[in-house]
Amino acid sequence: AIAACALELDRVDAGYGTTTVLRDLSLRVRPGQVVALLGPNGAGKTTTLRAAAGTVRPAGGQVRLFGQDVTPLAPHRRARAGLCLIPEGRGIFRSLTVRENLRLHDVAIGGDGRGEALERALDAFPDLESRLDHHAGHLSGGQQQMLALARAYVARPRVILLDEVSMGLAPLIVEQIFTALRDLAATGVAMLIVEQYVAQALDLADHVVLLNKGAVTYDGSPSGLDQDALLAGYLGVD
Ligand code: ATP
């Protein structure tokens, strides 16, 4: 038998109100695989992650997690099934402390909010330890992003969706973020990443899906992609 995909979007149509953004979109992420979802502004990358996470409800098609149809399930039910979305803008609570953010997330996904999950997160992100009682809003941009990634460790998810996690961060911090992503990937979790740093994303990814105007225009290995053309023109990256 063929092992179930970790995450599968099967012929999904989705949008906002009467606006269709995704058209007949199919993509698969296998357990342990890192898939980079790339495309120009407005192509529908964020909408794809939202359809997977359940914050956008498809008008057609199916979303499956480990073979189970989760299309009718609300976002928190999908989270309990092992899916974690790290949204653009990080999705952390700025007025809560680092400790409270990590506990809250643990409880939100059905944990007991106690020590073990927190320890796991701090093992992976030791810089957060000395800042546990600081308000998240007072952390630097890089530290806030580390906190957002630490959430993923707390939850021990099986599928992580990442939306432009390096947005607005200094190059040195971006390197640290990608190191953290590499460590996350090495835990065997499946990852679907949207990234403006195309070269780094392709370096991390096993597989690439290119989107244009809500439809898939490439679905294959990074090496099969004309990367120079991609970098030079298609994405508008210098
Ligand atoms: P970007 O890199 O600019 O974030 P993207 O590929 O992530 O682009 P989406 O954010 O998915 O693209 O947007 C796809 C289309 O959907 C765009 O035309 C956008 O204006 C529209 N859109 C996105 N969010 C909403 C919303 N909440 N309500 C209405 N339209 C939206």
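The residues of the chain are indexed from 1 along the displayed sequence. As the structure lists them, so they are numbered: ligands from 1, and atoms in each ligand from 1. Since the model is a prediction, treat every value here as computed from it, not as a measurement.
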A.B. asks: Answer yes or no: is there a donor N or O on one side and an acceptor on the other, between the side chain of Q144 and the main chain of A136, under 3.5 Å?
C.D. replies: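 A pair under 3.5 Å: yes.
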
A.B. asks: Between T47 and V21, is there a donor-acceptor pair closer than 3.5 Å when you use the side chain of the first and the backbone of the second?
C.D. replies: no

A.B. asks: Okay, side chain of T19, backbone of G15: is any donor-acceptor separation there less than 3.5 Å?
C.D. replies: no

A.B. asks: For G44, state whether at least one heavy atom is located under 4.0 Å from any atom of ligand 1.
C.D. replies: yes

A.B. asks: Which protein heavy atom lies closest to atom 8 (O) of ligand 1, and at what distance to 0.1 Å?
C.D. replies: G42 N, 2.8 Å

A.B. asks: Measure from the side-chain N and O atoms of R78 to the backbone N and O of A52, and report whether any donor-acceptor pair falls under 3.5 Å.
C.D. replies: yes

A.B. asks: For atom 19 (C) of ligand 1, is some protein heavy-atom partner under 4.0 Å away?
C.D. replies: no

A.B. asks: side-chain hydrogen bond (donor to acceptor under 3.5 Å, both in side chains) with R77: which residues, sequence neighbours excluded?
C.D. replies: none

A.B. asks: Tell me whether R23 is salt-bridged to D13, with the criterion being a basic N under 4.0 Å from an acidic carboxylate O.
C.D. replies: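 No, this pair does not count.
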
A.B. asks: Strictly below 4.0 Å, N to O, side chains only: are D163 and R50 in salt-bridge contact?
C.D. replies: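 Here D163 does not pair with R50 in a salt bridge, since their nearest N and O are not under 4.0 Å apart.
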
A.B. asks: P40: heavy atom below 4.0 Å from ligand 1, yes or no?
C.D. replies: yes

A.B. asks: Would a search of protein heavy atoms around atom 5 (P) of ligand 1 find one under 4.0 Å away?
C.D. replies: yes

A.B. asks: Of all the non-hydrogen atoms in the protein, which one sits nearest to atom 13 (O) of ligand 1, and at what distance?
C.D. replies: T47 OG1, 3.9 Å

A.B. asks: Backbone N or O of Y197 within a donor-acceptor pair of the E195 side chain at under 3.5 Å?
C.D. replies: yes

A.B. asks: By number and element, which atoms of ligand 1 are closer than 4.0 Å to a non-hydrogen atom of R50?
C.D. replies: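 Answer for ligand 1: 24 (N).
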
A.B. asks: Among all protein heavy atoms in this structure, tell me which lies nearest to atom 22 (N) of ligand 1, with the distance rounded to 0.1 Å.
C.D. replies: Y16 CE1, 3.4 Å

A.B. asks: Among L22, T46, T19, whose heavy atom sits nearest atom 10 (O) of ligand 1?
C.D. replies: T46

A.B. asks: Which option out of M167, K213, Q196, K45 puts a heavy atom nearest to atom 2 (O) of ligand 1?
C.D. replies: K45

A.B. asks: Measuring from non-hydrogen atoms of V21 to any atom of ligand 1, is the shortest distance under 4.0 Å?
C.D. replies: yes

